[in-house]
Amino acid sequence: MLLHIALVSITKEVTLAHLASVSAAIQKQISRDFGPMWNVEATVDAFDKLEDVPIGYWHVLLQDELPNGAAGLHKRDDNKQPFALVALTTNWPVFMSHEVLEMLVDPQGTLTRAGNSLKSGQGRVEYLIEVCDPCQASKFAYAVNSVMVSDFYTPQYFDPVKSSGVRYSFSGQVRGPREVLDGGYLSWFDPQTRHLFQLQVDGKKKTIADRGEVPFAAESLRALSDRVSADRRDSVIKGGSRAGLRLNAETDYRKRARVEKPKLTAVDHAQVAHARNLWAQLERIAAAE
């Protein structure tokens, strides 16, 4: 089934032109990289305002701030349709890609995969399907159309044993089942205690955190995981700025009132030159008529 994603900026700091370039990058990421691995098809389009979005699209909204300093949240609207919120932070395109990919694999935020727990003595648990969280840090992101997008794990990520020649994340930086990279985390539900647990990795330090009991009325496991993981989201923001890429910045916009106009990169200059060449050709065509 072909799914449809709408990107909308509801912050004055990001124009439709900026959003369109991110939309094109995420569309290529899905069509070329993500879709074939996860067997999903989707269109990704940028719209100027919410009122322009056709019925049937799932929304991903960029706004100035989110509660508790979060960089992204998964939600469901009154019709139980998924939507996501992304905060205007440094490397926000990485997190917008992150939210779109996770929405496509698990729209309702409820899918799990059974497996042996990483916590000693815990037995069998249900791992949340959050395809970007274990490798979410911007330093593991990669460029599409010179826009940074999130790395993601493959369907083999929950294989019971490691096998040679198997790709566990698109970038190849995740090297085995249920491995978590620096700045990432992996969440699971323990059916015996009804608690949510997370493996968190910071450098060489690994911590298993008990996030408490999952309420029966919880909106979804993924929404709960997002809410208790705001402290992990800075890893998406930090460490991803790279020279020569579009929409790349050194500033955490949550701590500034305004966004400074970005300096043109070599990529921008190349695009401008290409556009000028096309305009010149159009003028020659018009003159020949």
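Just so you know, these numbers use all the heavy atoms, side chains as well, and skip hydrogens, waters and symmetry mates.
In terms of modelled atom types and a separation under 3.5 Å, the side chain of Gln136 and the main chain of Gly183 share a donor-acceptor contact. In this structure, the side chain of Glu102 engages the main chain of Cys132 through a donor-acceptor pair within 3.5 Å. In this structure a side-chain-to-backbone donor-acceptor pair under 3.5 Å is present from Ser23 to Val44. No side-chain donor-acceptor contact under 3.5 Å links Asp159 to the backbone of Val161. The closest donor-acceptor contact from the side chain of Ser150 to the backbone of His98 lies at 3.5 Å or more, if one exists at all. Using a distance-only test at 3.5 Å, with no hydrogens or angles considered, a donor-acceptor pair links the side chain of Ser9 to the main chain of Val14. Not one N or O on the side chain of Arg178 forms a donor-acceptor pair closer than 3.5 Å with the backbone of Leu186. The backbone N or O of Arg167 sits less than 3.5 Å from a side-chain atom of Thr154, completing a donor-acceptor pair. When atom types are taken as modelled, the side chain of Lys119 and the backbone of Leu199 share no donor-acceptor pair closer than 3.5 angstrom. In terms of modelled atom types and a separation under 3.5 Å, the side chain of Gln173 and the main chain of Phe140 share a donor-acceptor contact.
Side-chain N/O atoms of Thr11 and Glu13 include no donor and acceptor closer than 3.5 Å. No side-chain donor from either of Tyr185 and Glu130 sits under 3.5 Å from a side-chain acceptor of the other.
Sorted by first and then second residue, the side chain to side chain donor-acceptor pair (under 3.5 Å) pairs with a member in residues 104-113 read Arg76-Gln108, Thr112-Glu126; sequence neighbours excluded.
Lys139 and Asp182 are joined by a salt bridge, as a carboxylate oxygen and a charged side-chain nitrogen come within less than 4.0 angstrom of each other.
Across all non-hydrogen atoms, the minimal contact from Val53 to Val8 is CG2-CG2, 3.7 Å. Considering all non-hydrogen atoms of both residues, Ile208 and Leu118 come closest at CD1-O, 3.8 Å.
Rounded to the nearest 0.5 angstrom, Glu213 CD and Phe189 CZ are separated by 8.5 Å. Distance check: Leu7 CG to Glu99 CD gives 11.5 Å after rounding to the nearest 0.5 Å. For the atom pair CD1 of Ile26 and CD1 of Ile5, the computed distance is 9.5 Å after rounding to the nearest 0.5 Å. To the nearest 0.5 angstrom, Leu61 atom CG is 5.5 Å from Leu50 atom CG.
The aromatic rings of Phe152 and Phe34 stand perpendicular to each other, their planes meeting at an angle above 60°, with 30° marking the opposite boundary.
If you chain together hydrophobic residues whose side chains sit under 4.5 Å apart, Leu3 and Ile55 never meet in one group.
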Kindly indicate, with the supporting measurements, whether the criterion side chain to side chain contact (heavy atoms under 4.5 Å, CB included) is fulfilled by Lys28 and Val149.
-> CA-CA 10 Å; Lys28 181 182 283 189; Val149 296; over 6 Å; no
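The ring pair (Phe, Tyr, Trp, His ring centres under 6.0 Å) search around Phe47 returns Tyr57, not counting sequence neighbours.
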